[in-house]
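Here's the structure, in C-alpha cells; my notes come after.
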Number of protein chains: 2
Amino acid sequence: MPPTRRTRQQPLSHGRIVATALGLLSRVGLPDLTMRAIGTELGVQQSALYHHFANKQAMLGAVADEILARAPRPSTPDEAPWQARVQERCTQLHAAVTAYPDGADLVMSMWAFGMGGQTPFDELSLLLREAGISPAVAPTAARTLLHFVYGHAYDEQSHDVAARSGILTAEREPSDFGTGLRILVSGIEALLP
Amino acid sequence: MPPTRRTRQQPLSHGRIVATALGLLSRVGLPDLTMRAIGTELGVQQSALYHHFANKQAMLGAVADEILARAPRPSTPDEAPWQARVQERCTQLHAAVTAYPDGADLVMSMWAFGMGGQTPFDELSLLLREAGISPAVAPTAARTLLHFVYGHAYDEQSHDVAARSGILTAEREPSDFGTGLRILVSGIEALLP
DNA sequence: ACCTGAACACCGTTCAAGT
DNA sequence: ACCTGAACACCGTTCAAGT
C-alpha cells in the first residue's frame, strides 16, 4: 500500500510536474524530492517524468524558476532612488527563496549551472545600468548582490536544518541581512562617477 | 579486477582518510567522491571508514578544513591598511577553494552546516574588529565577504562543469572577482565612524 | 579495537513493451 | 505520443562475524 497515491485525472505536463514538485519540496525538502516521490504524488511511474524533462536537473531548473517567479513584484516606484529599488528587489528575492525548504540551495545551484534563475540577474543588471553604473561593471555588481542574497539565505536555511539535527551553529541576528545589503549598496554607490 | 586497489601498509587514520579523499577529489570531483571509492583507494572496505568518521558529512567537513588549511598564509604585514589585509585574505581563500574541483561547493556547504570552515570567519571577524568596525557589525561584514568569496568561486567552478556538459553560461571576466571584492571593501569602509 | 563481507533501503536513468 | 513495468548500475549506512 503506497503512502500517498493520487488517481490521475489529467495528462502529465511541465506545469503540473513543477507544481507537484514545488508542493512536495515544501513538505519534505530537497533530499527527499525524488523522481519516485513526484511520480507517486502524480499517480504515475517515475519513468513517465522523463517524457517531459530530459533529466532531474532540468526539472529542478524549472522548479527554481517557479520559486523566483512567485517573488512579489516591486512596489517601489520607478522614480525612487536606485538604492531603494535594489534593496527592495533583493529583499523580495531573499523572501522568495527562503519560502521553500532548501530553496536557496536549489536556486543558487541552478543559476550557477546555467539551468534557471537568469531573470533576477538580468533585472538587477538593468536596474544598475539605469542607475549610472557602467555597463562593464553592472553585471559584476548584480552578481555580487545575488551571491549575497542566495548565500545568506542558504546560510539561514542550513542553520535550520543543522539545528534540527542538533548541530550547533552561530546565531544569526534578524538585522543581519539588512546590514549586509547596506554594505553592498554603499560599495556599489562608491563606483558611481 | 578492481580498477585501482592499493595494498594497505599503514592502519587507517583521520589524516590518511582525509589526504586520500583530497587526492581523489582533485581527480574525480565531488559527485564521484564516494565512500566506496575512498575505501578502494585505501585498500579497505567502505565500511571501515565508519570506524573513523560518524558519517560521510563529518568526513567531508574534515576535507573542507584541510582545503582551507592549505590556503597560503598572509604576506601583507600587520601594519598594512586593513583594506589590503582583507583583500589579500579573501583572494587566498578564493584560490584555496578553487584549487580543488567543487571545492567551493564543499566548503560553503560544510561552513553553512556548521561542520567545518569556521577559521576564515573567525579570522576575518577579528581583522575587521581591529580595523575599527563595531563588534556588533564585524561578524556580519565577515559573513558577507565569505558569501561573496565562496559564491563567486562556486559560480566559476559550476561554469567549468556546465561547459564540460556543453551547457552555455555567461562568460566571466577575470577582473570580476577583484571588482566585487572592492565593492564589498568600500561598503564596509562606509560603516567606519 | 579495527576491519571484513554481506546485506538493507534506497537513488537516477534506460528501455522494451503496451495503449 | 505517452506511459508502464522492470531492470541496471549505482549510493550511504548498518551489523554480525572475524582477528
Side-chain angles (χ1 to χ4, degrees), chain A residues 1-18 20-21 24-25 28-64 102 105-106 109-110 113 115 161 165-167, chain B residues 1-18 20-21 24-25 28-64 102 105-106 109-110 113 115 161 165-167:
Chain A
M1 50 194 108
T4 46
R5 178 184 297 255
R6 298 184 182 168
T7 49
R8 175 160 39 109
Q9 309 101 325
Q10 315 158 42
L12 240 43
S13 70
H14 268 241
R16 249 165 60 76
I17 292 171
V18 170
T20 301
L24 208 46
L25 175 64
V28 303
L30 195 55
D32 289 333
L33 186 63
T34 66
M35 297 302 259
R36 280 166 175 82
I38 297 167
T40 300
E41 190 79 4
L42 283 161
V44 299
Q45 291 280 342
Q46 68 266 30
S47 53
L49 303 171
Y50 289 88
H51 281 269
H52 300 270
F53 289 101
N55 48 44
K56 188 180 183 181
Q57 200 164 28
M59 192 216 59
L60 290 180
V63 172
D102 305 311
D105 186 358
L106 179 56
S109 303
M110 292 305 124
F113 208 75
M115 301 208 68
V161 173
S165 312
I167 295 166
Chain B
M1 50 192 107
T4 46
R5 178 183 297 252
R6 296 184 183 168
T7 48
R8 173 161 39 111
Q9 308 102 327
Q10 314 157 42
L12 240 43
S13 69
H14 267 241
R16 249 163 63 75
I17 292 171
V18 170
T20 301
L24 208 47
L25 175 65
V28 304
L30 195 55
D32 289 334
L33 186 64
T34 66
M35 298 302 259
R36 279 167 175 81
I38 297 168
T40 300
E41 190 79 2
L42 283 161
V44 301
Q45 292 280 342
Q46 68 265 31
S47 53
L49 303 172
Y50 289 88
H51 281 269
H52 300 270
F53 290 101
N55 48 43
K56 188 181 183 181
Q57 199 165 29
M59 193 216 58
L60 290 180
V63 173
D102 305 311
D105 186 358
L106 179 57
S109 303
M110 292 305 125
F113 208 75
M115 301 208 67
V161 173
S165 313
I167 295 166

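Numbered from 1 within each chain, the chains take letters A, B, ... in sequence-line order.
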Using atom P of each nucleotide, how far apart are C/dA9 and D/dA9 to the nearest Å?
22 Å
So if I take every side-chain heavy atom of B/Pro11 and compare against D/dG5, D/dA7, C/dC3, which nucleotide ends up nearest?
C/dC3
Rounded to whole angstroms, how far apart are CD1 on B/Ile38 and P on D/dT13?
11 Å
Choosing from D/dC3, C/dG5, D/dG5, which nucleotide comes nearest the side chain of B/Gln45?
C/dG5
Criterion side-chain contact (heavy atoms from CB on, under 4.5 Å) on A/Leu24 and A/Val28, from CA distance to verdict
CA-CA 6 Å; A/Leu24 208 46; A/Val28 303; 4.2 Å; yes
Search all heavy atoms of A/Met35 against all heavy atoms of A/Leu49 and return the closest pair with its distance.
O-CD1, 3.4 Å
Report the distance from atom CD of B/Gln46 to atom C1' of C/dA7, rounded to the nearest whole Å.
11 Å
Rounded to the nearest angstrom, tell me the gap between atom CZ in B/Phe53 and atom P in C/dC3.
13 Å
Want to settle it: does B/Leu33 or A/Arg36 sit nearer the 5' end of DNA chain D, counting the closest nucleotide to each?
A/Arg36
What's the CG-C1' distance between B/Leu12 and C/dC2, to the nearest Å?
9 Å
Does the side chain of A/His52 get closer than 4.0 angstrom to OP1 or OP2 of D/dA1 through an N or O atom?
no
When rounded to the nearest Å, what value does the distance between C1' atoms of D/dC15 and C/dC3 take?
12 Å
Between P of D/dC2 and CD1 of A/Ile17, the distance in whole Å:
11 Å
Kindly say whether, by distance alone, the side chain of A/Ser47 makes a donor-acceptor pair under 3.5 Å with the base of D/dG5?
yes
Nearest-Å distance, CG (B/Leu49) to C1' (C/dC2)?
12 Å
Tell me the partner of C/dG5, counting only Watson-Crick (N1-N3 plus N6-O4 or O6-N4) or G-U wobble (N1-O2 and O6-N3) with both under 3.5 Å; none if nothing fits.
D/dC15
Once you apply the 3.5 Å cut-off to both distances, tell me the Watson-Crick or G-U wobble partner of D/dC10, or none.
none
Are A/His14 and A/Met59 close enough that some pair of their side-chain heavy atoms sits under 4.5 Å apart?
no
Looking only at the side chain of B/Val44 (C-beta and beyond, no hydrogens), which of the listed nucleotides C/dG12, D/dG12, C/dT4 gets closest?
C/dT4
Quick check for you: among D/dC11, C/dT4, D/dT13, whose closest atom lies nearest to any side-chain atom of B/Thr34?
D/dC11
Starting from C1' on D/dC10, measure out to CE on B/Met35 and report it in whole angstrom.
16 Å
Shortest non-hydrogen contact from A/Ser109 to A/Asp105?
OG-O, 2.8 Å
Atom CE of B/Met59 and atom C1' of D/dC11: how far apart are they, to the nearest Å?
14 Å
Which heavy atom in B/Val63 sits nearest to a heavy atom in B/Ala21, and how many Å separate them?
CG2-CB, 3.8 Å
Can a donor-acceptor pair under 3.5 Å be found between the side-chain atoms of A/His51 and the base atoms of D/dC3?
yes
Any side-chain heavy-atom pair from A/Leu33 and A/Leu60 closer than 4.5 angstrom?
yes
From the set D/dT13, D/dG5, C/dG12, return the single nucleotide nearest to any side-chain atom of A/Tyr50.
C/dG12
